[in-house]
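Just so it is clear, the structure is predicted and the values come from calculations on it, not from any experiment.
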Amino acid sequence: MATAKLVVASLCLLLVLTQHEAAAAASTSCHGGMAAGMVEAMFVFGSSLVDNGNNNFLNGSRAVRADYLPYGVDFQLGPTGRFSNGRNTIDALGELLLLPAGGRIPTFADPATTGRAALRGVNFASGGSGILDDTGKATGEVLSLEQQITNFEAVTLPDLRAQLQRANDRKMKGHDFFDRCYMPKSLFVIGTGGNDYLLNYFRPRNSGETRPDLSDFTRALVARLSAHLQRLYALGARKFVIFSIQPIGCSPVVRASLNVTAAACVKPVNAAALLFNSELRSLVDAAGPSMPGASFSMIDSYKITMDVLDHPMKHGITETYKPCCSEMGPSGVLCRKGGPICSDRTEYLFFDGLHPTDVVNARIARKGYGSASPEEAYPINVKKLAML
């Protein structure tokens, strides 16, 4: 009996040591990769809230561009196509993750974003786009989420694979650095959904055209997003950062469209955002069986922004409903080219009719990166996700 127990104990110890050695070997095999920051790379997909300037390169997107002043008035590089006075949330998140060039991720549409320029990440986002293919088409040429992922799969992915496999053939001794180390240690960031409501669900209807049920529309929208995530997963993505929809019912363009002058938000529009965000959280909870080994961090931009709206003085904000741009373009969303702006952008929540100022974008990024509250970063924050 004692001999049998000794055999079992020895087998258990051998199993533990074998697992430890396998984990150590995997860690060692990926050690010494190219990353100097917390992640190998960051790949970004979505709409104008995370677009670094892809629309600048689209001939038909002139109505959805931010490549002119006053955009970029507080940005180191000036107007670049970012829809803010300074950084967007991706820039601020990139800084926190210690990515090179101050966290700035190059745009896919820029011809210079090839070779080594793409190694630490690429931004595929397109202002005006949405989860659904037809969202934003009426505003001009935009790249849908489907097309953004296709650009990653058809162009960037094979380019990166070829580069990294050549560079690591000798070091890895046949071990596939790209699939086993680079992709699983990279972040895939998705920030989209708001336009599917503002430019699709809530758009004015033609005579006789009915609006779909909000719950049905939202479930279908989230199901489509889930399909996009599973596509990225099949391509090798394992770490996902997903931004919730912000309180779009509080944005100046929505309030102006309904002639809301009091300090109040448009509740039906915010209700749609909250419904989407709830379904998004459920998507994260249910992703395990279809995406084994995947990890998520959902940044609740709605909660973080509403905290600023409800307690502005605590955050140094004095104007929560008016845009910093005092003159808007025809859409009511974007600032007029060369138009006047507020003198102190740090006191404003919104820079234009929809997009937050640099200071608010930075707050969303900081909370998503380091908050211990699952109400702000769920189920873990981006820092913990990056360290997995």
Side-chain angles (χ1 to χ4, degrees), residues 30 33-35 37-47 49-52 54 88-94 96-99 103-108 113 118-126 129-131 143-161 164 178-193 222 224-244 280-281 283-284 287-288 290-299 301 365 368-369 377-388:
C30 288
M34 39 148 290
M38 298 180 67
V39 295
E40 290 286 348
M42 183 162 70
F43 299 100
V44 182
F45 307 84
S47 61
L49 291 168
V50 295
D51 181 3
N52 281 4
N54 278 298
N88 60 23
T89 51
I90 295 303
D91 297 312
L93 192 58
L96 293 166
L97 290 165
L98 305 178
L99 287 169
R104 296 191 297 273
I105 304 296
T107 54
F108 168 80
T113 307
L119 284 175
R120 301 307 302 278
V122 177
N123 190 312
F124 298 86
S126 176
S129 69
I131 297 168
L143 301 172
S144 67
L145 185 57
E146 176 80 20
Q147 184 59 53
Q148 292 172 37
I149 297 173
T150 294
N151 289 341
F152 170 72
E153 179 180 14
V155 181
T156 303
L157 191 65
D159 179 35
L160 291 173
R161 185 187 298 276
L164 291 173
F178 184 80
D179 290 320
R180 298 291 298 275
C181 303
Y182 180 82
M183 288 289 282
K185 295 296 183 182
S186 295
L187 292 186
F188 288 76
V189 184
I190 297 92
T192 187
V222 173
R224 186 72 181 122
L225 176 60
S226 177
H228 288 311
L229 295 176
Q230 290 180 52
R231 183 181 173 195
L232 285 170
Y233 176 86
L235 294 173
R238 290 298 180 269
K239 294 184 179 183
F240 296 89
V241 177
I242 310 177
F243 286 92
S244 78
L280 183 60
R281 182 176 284 231
L283 183 158
V284 170
S290 60
M291 301 170 67
S295 300
F296 294 83
S297 178
M298 173 184 160
I299 300 177
S301 305
Y369 176 80
Y378 179 82
I380 58 174
N381 60 42
V382 176
K383 182 178 181 180
K384 290 182 178 179
L385 179 68
M387 295 172 67
L388 292 177

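Rounded to the nearest 0.5 Å, atoms CG (L229) and CE (M291) are 5.5 Å apart. Distance NZ/K185 to CE/M387: 10.5 Å, rounded to 0.5 Å. Note: I242 CD1 to M298 CE = 8.0 Å, rounded to the nearest 0.5 Å. Put simply, CD1 on I299 and OH on Y369 are 11.5 Å apart, with the number rounded to the nearest 0.5 Å. In this structure, K383 NZ and L97 CG are separated by 10.5 Å, a value rounded to the nearest 0.5 Å. Here CG of L283 is found 8.0 Å from OG of S290. Values are rounded to the nearest 0.5 Å.
Residues T113 and F108 have side chains not in contact (no heavy-atom distance under 4.5 Å, counting atoms from C-beta outward). The closest side-chain heavy-atom distance from F178 to L157 is below 4.5 Å. Taking the side chain as every heavy atom from C-beta outward, R238 and M183 never approach each other to under 4.5 Å. Annotation: side chain of F124 is not in contact with side chain of I149 (no heavy-atom distance under 4.5 Å). Looking at L49 and N88, their side chains never come closer than 4.5 Å, going by heavy atoms from C-beta outward. The shortest distance between side-chain heavy atoms of F45 and T192 does not fall below 4.5 Å. Contact annotation: the side chain of V50 approaches that of T89 to within less than 4.5 Å [non-hydrogen atoms, C-beta and beyond]. Looking at F243 and V189, their side chains come closer than 4.5 Å, going by heavy atoms from C-beta outward.
When all heavy atoms are compared, the tightest approach of V39 to R120 is O-NH2, 3.0 Å. The two atoms that bring E153 and P158 nearest to each other are O-CD, 3.1 Å, heavy atoms only. Contact between G121 and A41 at its shortest, heavy atoms only, is N-CB, 3.6 Å. The minimum heavy-atom distance linking A125 with Q148 is given by the pair CA-OE1, 3.5 Å. Residues L143 and Q147 share a closest heavy-atom pair of CD2-CG, 4.1 Å. Counting all heavy atoms, side chain and backbone alike, R161 lies closest to D179 at NH1-OD2, 2.9 Å.
Judged as a ring-ring contact (aromatic ring centres under 6.0 Å, His included), and not counting sequence neighbours, the contacts of F43 are F152, F188. Remark: R281 engages no residue in a salt bridge (charged side-chain N to carboxylate O under 4.0 Å, His left out) (not counting sequence neighbours). Under the rule for a side-chain contact (heavy atoms from CB on, under 4.5 Å), the partners of L385 that lie at least two apart in sequence or sit in another chain are L187, K239, V241, S295, S297, I380, L388.
Looking only at distances, a side-chain donor or acceptor of T150 sits under 3.5 Å from a matching main-chain atom of E146. Judged by distance alone, with hydrogens and angles left aside, the side-chain atoms of S47 form no donor-acceptor pair with the main-chain N or O of G130 at under 3.5 Å. A donor-acceptor pair is defined here as one N or O able to donate and one able to accept, closer than 3.5 Å; no such pair exists between the side chain of N123 and the backbone of N54. Without hydrogens or angle criteria, Y233 side chain to G293 main chain gives no donor-acceptor distance under 3.5 Å. The backbone N or O of I105 sits less than 3.5 Å from a side-chain atom of N52, completing a donor-acceptor pair. When atom types are taken as modelled, the side chain of S129 and the backbone of G46 share a donor-acceptor pair closer than 3.5 angstrom.
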**OP:** I would like to know whether L96 and M38 meet side chain to side chain contact (heavy atoms under 4.5 Å, CB included); could you show each step before the answer?
**Re:** CA-CA 9 Å; L96 293 166; M38 298 180 67; over 6 Å; no
